[in-house]
Structure formats: structure tokens, C-alpha cells
Protein chains: 2
Amino acid sequence: MTSPPSTRDRLLDAFSELLVAAGSRGATLDAVAASAGVSKGGLLYHFGTKDALVDGLLERFRRMAGEDARDMRTAPAGATEYYLRTSVIQQGDPLSRTAVAVLHLAQGGDPRAADAFTAATEEWRTAIEEEVGDRVLSRVVQLVGDGLWAGSSIGVAPDDLDDVVAGVAAVLAAARAPRHAGPPA
Amino acid sequence: MTSPPSTRDRLLDAFSELLVAAGSRGATLDAVAASAGVSKGGLLYHFGTKDALVDGLLERFRRMAGEDARDMRTAPAGATEYYLRTSVIQQGDPLSRTAVAVLHLAQGGDPRAADAFTAATEEWRTAIEEEVGDRVLSRVVQLVGDGLWAGSSIGVAPDDLDDVVAGVAAVLAAARAPRHAGPPA
DNA sequence: GTCTATAACTTGATAGAC
DNA sequence: GTCTATCAAGTTATAGAC
């Protein structure tokens, strides 16, 4: 049974949605409070400062990212495909929304957000490396996912996600079963 | 001989630097004017509104991106390697700085910036496709570059760029020579 | 072409009522 | 736990001097 979200949770939801939609510039306390359906005073009861609101979102992100890294390892389609598909913002997917929100905070110059994002990224890459068995290949897969993300973060939804997923899979298969393609110089 | 930059150019330089360093939140008219060494009134003589300042930067970005797409096609190392290496922000590289500045504007919700960025991205991808000869592979290469960018945009400099470039090259070679040996032309 | 002064509005935060 | 009223600082923009 899912109980209705607390005001605190609704405020964090609104904050992340505004960050995704309008960047750190548009995610003001006024806008967050209005979007969550409370007054600014109501917001400031739960989060005394804007920094506290950021901390609340980062804490939620760390928890969700940790759970996601576990999900990757048990995903039926495999960690790589799971990662690429969840790198595109899905309507209503809480993790990808939260991750892009944190990315925007990091790009706004917040070092706590940059640290949290870097740490999560390394967790995900590790899960990919366990599957593909090679560090550099895991980096390439991850960078493809990050690229999908960067597009999502400006509202560009790829129209060829299936092609990309299939292309990466084909490329990984080719790289792991080398015939005589010749090593790079 | 390079003539000293005009006040107009110095203002656009300062605007893009501030966008990269602090996001759209920190790039205020006050900060831009101070960073360029003029008063706010001086700034507003050249760009009557903040929107005009954004337009000036987007115009500069479109010009630089067009020149870069031409440079890619004649790069000695090839378009792919050129693109990946220039996807990492270099200290003092005007294009990568400008591109990240535009990315931040797009993430702040400016549709003109998102359009300009999308158009440039498609130009670059086309140049890559001309080299690798396959649309999906060109997308994969480009997404790796975008991923490097996303990292750069939050101040994370990759410590394994050479590995990634070599890894992509190896993976492309494997994908393009699945049946027999032979270096690409 | 650049400056100072200032107006109009927004933003983050406080105080206190209910 | 939530609201309204209020404030100081910051932000965009205008007006006019030099």
C-alpha cells in the first residue's frame, strides 16, 4: 500500500521537476512552493533554507542511485541495456528525473551535487564492467548513456533509442569476439 | 595580427565564461559587465536586453560550430577522433567553452538555445557519418562525445581520454570488419 | 561609447498569527 | 504544520550626464 506522499516528499518532487523543466534558475522557492501546493512559509517549515532543500534532494538521489545499481545487476536484459534505456528520461520515472535535476545543480556550480553525481556514475560503471568484463568498454557504454542523458537534459528525446541499444550490443559483441580487425596503433 | 577584441566581443567572452563557471544562475548582467571591465550601462549600450545578449552568443555559436564541422572533415586524425578530443573542455578553447555555455542556456529552458544546440549536433553527426559510413555507428560515436561533454560540464576531466579514444577506434574497427581483416581507407 | 543613479520587480529568509 | 506579512539583497532595465 502506498500512502499519499508527505508534504516533504511533494516538495522534493516539485523541486526536481522544476530543475528539469527550467534549470536552477527557474527552481525558485516561490515556484517550488506553488508547484507543491503550499505557501513559501509552508516550504520553509520543512526545509529551513534553500541549501537544506538541495541536501534533501541529494540524499534522495544517493538512495535511489544505490538501489538502481542493485537493480542493474539483476536486470533480465542485462546491465548495459538497462542502463542505456534508463538514461532516457521517461515520463514519470523518478530516478532519471532526479538524476537530471542533480546534474543541473552540479552544472549550476554546486560541488555537493557534482560529488554525488560522480559517485553514482562510478557505481553504475562498476556494474557495467562486471557484465562486459573490460574497463574501457564499460566506460564507452557509460559515456553513450551519459550522452543520451545530456540530450534528455535539454528536452531532446532520441527517436532511435532501439537502434542505439542494438548498435552498442553489436559493437560490444564484435569487440569481445575479435577476428582479425587489428589492434589500434 | 589579431586586433584587440572589441567591447562587444569581450562582453560575449565574459558571458560565456560565467555561464560555464556558474551556470545560468551566475551569469547576471552585473557579473558579465564587471567581468568584461565595463559598467552595466556600458553593457546595455551594446546589448539592450539580456535576450539580446543571448542572441549574440547564439549567433557566435552557430558560426563557430559551422567552422568546426568543416575542420572535422579535414582533421588529420579523422573526424571521429577530432570530435571526441574536442568534446573535452580545454582551457581556453573558444568553441568548447561556447558550446557548454549554450548547453547551459538550453538547460535553463531557452528554446532558441536548445534549437541551436540540436542543429549543431546534427551537423557534427553528419561529418562523423561521412567517415564511419553508418548512421547508427555515427550516433554511438557522437553519444560518447556528448557523454564526455556532460562530465566536462560539471568540471569532471576524464583521466582516461586516450583509452576511450583508442577503445572507440577498436570498437569501430571490429564493427566495420566483422568478416575479414583490413584497415579502413 | 561609457558612466551614475534609480525605478520596478524577484528572490531568499524572518516573524508571528492560526 | 501551514499561512500572511514583511524585509534586505539582488536583478533587469531606464534616464540622463559626460
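Because only heavy atoms are used, hydrogens play no part in the values below, and waters and symmetry mates are left out as well, while side chains stay in. A, B, ... follow the sequence lines: proteins, then strands. Residue 1 opens every chain.
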Enumerate, atom names and distances included, each donor-acceptor pair closer than 3.5 Å involving a side-chain atom of residues 9-20 of chain B, sequence neighbours excluded.
| residue | atom | partner | partner atom | Å |
| --- | --- | --- | --- | --- |
| Asp9(B) | OD2 | Ser6(B) | OG | 3.4 |
| Arg10(B) | NH1 | Ala36(B) | O | 2.4 |
| Arg10(B) | NH2 | Thr7(B) | OG1 | 3.2 |
| Asp13(B) | OD1 | Arg60(B) | NH1 | 2.8 |
| Asp13(B) | OD1 | Arg60(B) | NH2 | 3.2 |
| Ser16(B) | OG | Leu12(B) | O | 3.2 |
| Ser16(B) | OG | Asp13(B) | O | 2.9 |
| Ser16(B) | OG | Arg97(B) | NH1 | 2.9 |

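- Ring centers of Trp149(B) and Trp149(A): at least 6.0 Å apart, outside the cut-off.
- For the pair Lys40(A) NZ and dG12(C) C1', the interatomic distance rounds to 6 Å; values are reported in whole Å.
- Side-chain contact, Tyr83(B) with Asp146(B): a donor N or O sits under 3.5 Å from an acceptor N or O.
- Taking the screw axis at each terminus of the helix from dG1(C)-dC18(D) to dC18(C)-dG1(D) from five consecutive base pairs, the angle between the two is 10° to within rounding of 10 degrees.
- Looking at residues two or more places apart in sequence or on another chain, you find a side-chain hydrogen bond (donor to acceptor under 3.5 Å, both in side chains) between Asp110(B) and Arg112(B).
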Table please: side-chain donor-acceptor pairs of residues 133-140 of chain A below 3.5 Å, with sequence neighbours left out.
| residue | atom | partner | partner atom | Å |
| --- | --- | --- | --- | --- |
| Asp134(A) | OD2 | Val136(A) | N | 3.0 |
| Asp134(A) | OD2 | Leu137(A) | N | 2.8 |
| Ser138(A) | OG | Arg125(A) | NH1 | 2.9 |
| Ser138(A) | OG | Arg135(A) | O | 2.6 |
| Arg139(A) | NE | Asp160(B) | OD1 | 3.4 |
| Arg139(A) | NE | Asp160(B) | OD2 | 2.7 |
| Arg139(A) | NH2 | Asp160(B) | OD1 | 2.9 |

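- In this structure, Glu131(B) has no salt bridge (Lys or Arg N to Asp or Glu O under 4.0 Å) partners at least two apart in sequence or on a different chain.
- At a threshold of 4.5 Å between non-hydrogen side-chain atoms, the residues Tyr82(A) and Asp68(A) count as touching.
- Where DNA chain D meets chain B (any atom under 4.0 Å from a heavy atom), the bounding nucleotides read 5' to 3' are dT11(D) to dT14(D).
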Determine all donor-acceptor pairs shorter than 3.5 Å in which one atom belongs to a side chain in residues 168-175 of chain B; sequence neighbours excluded.
none

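- Of the inter-residue distances, the one linking Lys50(B) atom NZ with Leu44(B) atom CG reads 11.0 Å to the nearest 0.5 angstrom.
- In this structure, the side chain of Glu123(A) does not engage the main chain of Ala65(A) through any donor-acceptor pair within 3.5 Å.
- By the ring-ring contact (aromatic ring centres under 6.0 Å, His included) test, Phe61(A) is found to be paired with no residue, residues two or more places apart in sequence or in another chain being considered.
- A donor-acceptor contact closer than 3.5 angstrom is absent between the side chains of Asp115(B) and Thr118(B).
- For DNA chain D, no neighbouring residue in residues 100-113 of chain A is found when judged by any heavy atom under 4.0 Å.
- For the segment residues 43-52 of chain A, residues with any heavy atom less than 4.0 angstrom from an atom of DNA chain C are, sorted by number, Leu44(A), Thr49(A), Lys50(A).
- No single ILVMFWY cluster, assembled from side-chain heavy atoms under 4.5 Å apart, contains both Leu29(A) and Tyr45(A).
- For the pair Arg85(A) and Asp162(A), the salt-bridge criterion is met [side-chain N within less than 4.0 Å of a carboxylate O].
- Looking at residues 5-36 of chain A, you'll see Thr7(A), Arg25(A) sit with a heavy atom under 4.0 Å from some atom of DNA chain D.
- In this structure, Glu59(B) has no side-chain hydrogen bond (donor to acceptor under 3.5 Å, both in side chains) partners at least two apart in sequence or on a different chain.
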